[in-house]
Enquirer: 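Questions regarding the structure given below will be posed in turn.
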Amino acid sequence: IPNSLDIYDIVLFIHKTLAPRLLRHENSKAMIFCRGTPEVDRISERLECAKHYAQYDFKDDDLALWTKGVCKTIASSSTLLQGIDEDYVNLIIFLGRPWGMMDFIQGCGRGGRKKHTSHVVVVDDGKMPWVKELQEEKCTAQMNEWCSNPKQCLRKIISKTMDNQEITCEDLARDGMVELCGFCNKLDDVEVSIKQCFTNALDVNASQGGLLQLDQEPIHGQAEKNEEEDLFQHFATPDLNMVSKFEEDYLEQHPASSS
């Protein structure tokens, strides 16, 4: 994301924009993965959603609220990257670059159950986190390569890392599997809306007008929900000029990725 934008505002914009369309089913859910507990606390407070990490005293209570559908969204550290088998996790957001490709794949695996499409968004702040002792195990270099090369099929580096074979959406389309990634399907309304979140984030204050609430009660003394205002109507209709502007701005800040 551009340096002038706050990563938390971007995540709020994306959640605000996509949740109404992706979480319509009564059992549908969203997950937001963060690199550390401070990030979990902050995004949970701003979204007034459930949260989960090892040291959180109410983690089991919050997880129960989320699995039962009382709270549609849960923010988590790496604690929920594995072991969650909910059928309708339709939206997954990574706040910041994941620690490695393995964490990314495991997090993505929380969605897409029972052939339900799950949309995964990585809000990349350009920071390259790594733990020296774990970088090979977590495939940190591959994750950094994936985030640094947005102008190619998103499956390419993932398949090379996991299967030692590069597979693209074009390859899958020939085999009758036509679910395209965000790069290969630029006109997908969800993909366009995500990009518009970036281009509009400077003009709309995500902390005003109420954050997205999905008929859920505040948990553990968090602030009571504000009345929602429809500040995001302009995201409903894709604006391809804005998408082009986003891509131009991105390439200006990431010149190496255009090669």
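Remember, predicted model here, so these are calculated numbers, not experimental data.
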Enquirer: Can a donor-acceptor pair be found, under 3.5 Å and without considering hydrogens, that links the side chain of K72 to the backbone of E26?
Expert: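 Yes.
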Enquirer: Under 30°, 30 to 60°, or over 60°: which ring-plane class applies to F104 and W146, parallel, tilted or perpendicular?
Expert: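 Aromatic pair F104/W146 classed tilted.
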Enquirer: So do L63 and I84 actually touch side chain to side chain, heavy atoms under 4.5 Å?
Expert: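 Side chain of I84 against side chain of L63, heavy atoms only: contact under 4.5 Å found.
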Enquirer: Do the side chains of T168 and R155 get nearer than 4.5 Å, heavy atoms only?
Expert: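 In short, these two side chains do not touch, never coming nearer than 4.5 Å.
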Enquirer: If every non-hydrogen atom of M102 is compared with every non-hydrogen atom of C139, which pair is closest and at what distance?
Expert: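 Minimum heavy-atom separation between M102 and C139: CG-SG, 3.9 Å.
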Enquirer: Just verifying a value: how many Å separate L65 CG and T73 OG1, rounded to the nearest 0.5 Å?
Expert: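 The CG atom of L65 sits 12.5 Å away from the OG1 atom of T73.
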Enquirer: When you look at CD of E166, are more than 12 heavy atoms from neighbouring residues, nucleotides or ligands closer to it than 6.0 Å?
Expert: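 More than 12 heavy atoms, drawn from other residues, nucleotides or ligands, come within 6.0 Å of this atom.
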Enquirer: Provide the closest heavy-atom pair for V89 versus S118 in the form atom of the first, atom of the second, distance.
Expert: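 Looking at all heavy atoms of both residues, the closest pair is O-OG, 3.0 Å.
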Enquirer: Can you check whether L12 reaches I43 side chain to side chain, under 4.5 Å on heavy atoms?
Expert: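 In contact.
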Enquirer: Which heavy atom of C153 sits nearest to which heavy atom of C169, and what is that distance?
Expert: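 It is SG-N, 3.2 Å.
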Enquirer: Answer whether the closest heavy-atom distance between the side chains of C34 and S77 falls below 4.5 Å.
Expert: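 SC-SC contact between C34 and S77 ruled out.
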Enquirer: Specify the closest pair of heavy atoms between S76 and T79, including all atoms of both residues, with the distance to one decimal.
Expert: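 Closest heavy-atom pair between S76 and T79: OG-OG1, 3.3 Å.
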Enquirer: Could you pull out the closest heavy-atom pair between F94 and I92, with the gap in Å?
Expert: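 Answer, listing the atom of F94 first, then I92: CE1-CG2, 3.9 Å.
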Enquirer: Which value, rounded to the nearest 0.5 Å, describes the distance between D9 atom CG and K16 atom NZ?
Expert: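 One finds 13.0 Å between CG of D9 and NZ of K16.
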Enquirer: Within a strict 4.5 Å, meaning less than it, do heavy atoms of the Q106 and D103 side chains meet?
Expert: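 Yes, their side chains come closer than 4.5 Å.
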Enquirer: List the steps and the verdict of side chain to side chain contact (heavy atoms under 4.5 Å, CB included) for W66 and E86.
Expert: CA-CA 10 Å; W66 179 74; E86 294 294 311; 3.8 Å; yes
Enquirer: State whether a side-chain donor-acceptor pair under 3.5 Å links D41 with Y56.
Expert: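 Looking only at side-chain atoms, Y56 and D41 do not form any donor-acceptor pair under 3.5 Å.
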Enquirer: Rounded to the nearest 0.5 Å, how far apart are NZ of K29 and NE2 of H25?
Expert: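 Result: 9.5 Å between the selected atoms.
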Enquirer: Identify the two heavy atoms, one from G36 and one from E39, that lie closest to each other, and give their separation to 0.1 Å.
Expert: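 Looking at all heavy atoms of both residues, the closest pair is O-OE1, 3.0 Å.
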Enquirer: Is it true that a side-chain atom of D125 and a backbone atom of G96 form a donor plus acceptor pair closer than 3.5 Å?
Expert: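 No.
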Enquirer: Find the distance between CG (L95) and CD1 (I7) and round it off to the nearest 0.5 Å.
Expert: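 Nearest 0.5 Å value for the CG-CD1 distance: 4.5 Å.
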Enquirer: With a 4.5 Å cut-off on side-chain heavy atoms, are M101 and I157 touching?
Expert: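 Side chain of I157 against side chain of M101, heavy atoms only: contact under 4.5 Å found.
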Enquirer: Between the side chain of D163 and the main-chain N/O of Q165, is any donor-acceptor distance below 3.5 Å?
Expert: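 Not a single qualifying donor-acceptor pair exists.
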Enquirer: I'd like to check K127 versus R35 (side-chain heavy atoms, cut-off strictly below 4.5 Å). Are they in contact?
Expert: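 In contact.
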Enquirer: Does any non-hydrogen side-chain atom of D85 lie less than 4.5 Å from one of R110?
Expert: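 They are in contact (side-chain heavy atoms under 4.5 Å apart), so the answer is yes.
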Enquirer: How many angstroms lie between atom CD1 of I93 and atom CG of L47, to the nearest 0.5 angstrom?
Expert: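 Here the rounded value is 8.0 Å.
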Enquirer: Would a distance-only check, ignoring hydrogens and angles, find a side-chain to backbone donor-acceptor pair under 3.5 Å from N27 to Y88?
Expert: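 No; zero donor-acceptor contacts below 3.5 Å.
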Enquirer: Using 0.5 Å steps for rounding, measure from the CD1 atom of I14 to the NE2 atom of H119.
Expert: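 It comes to 13.0 Å.
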Enquirer: Any donor-acceptor pair under 3.5 Å linking the side chain of S148 with the backbone of E145?
Expert: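 Checking the backbone N and O of E145 against the side chain of S148, no donor-acceptor pair under 3.5 Å is found.
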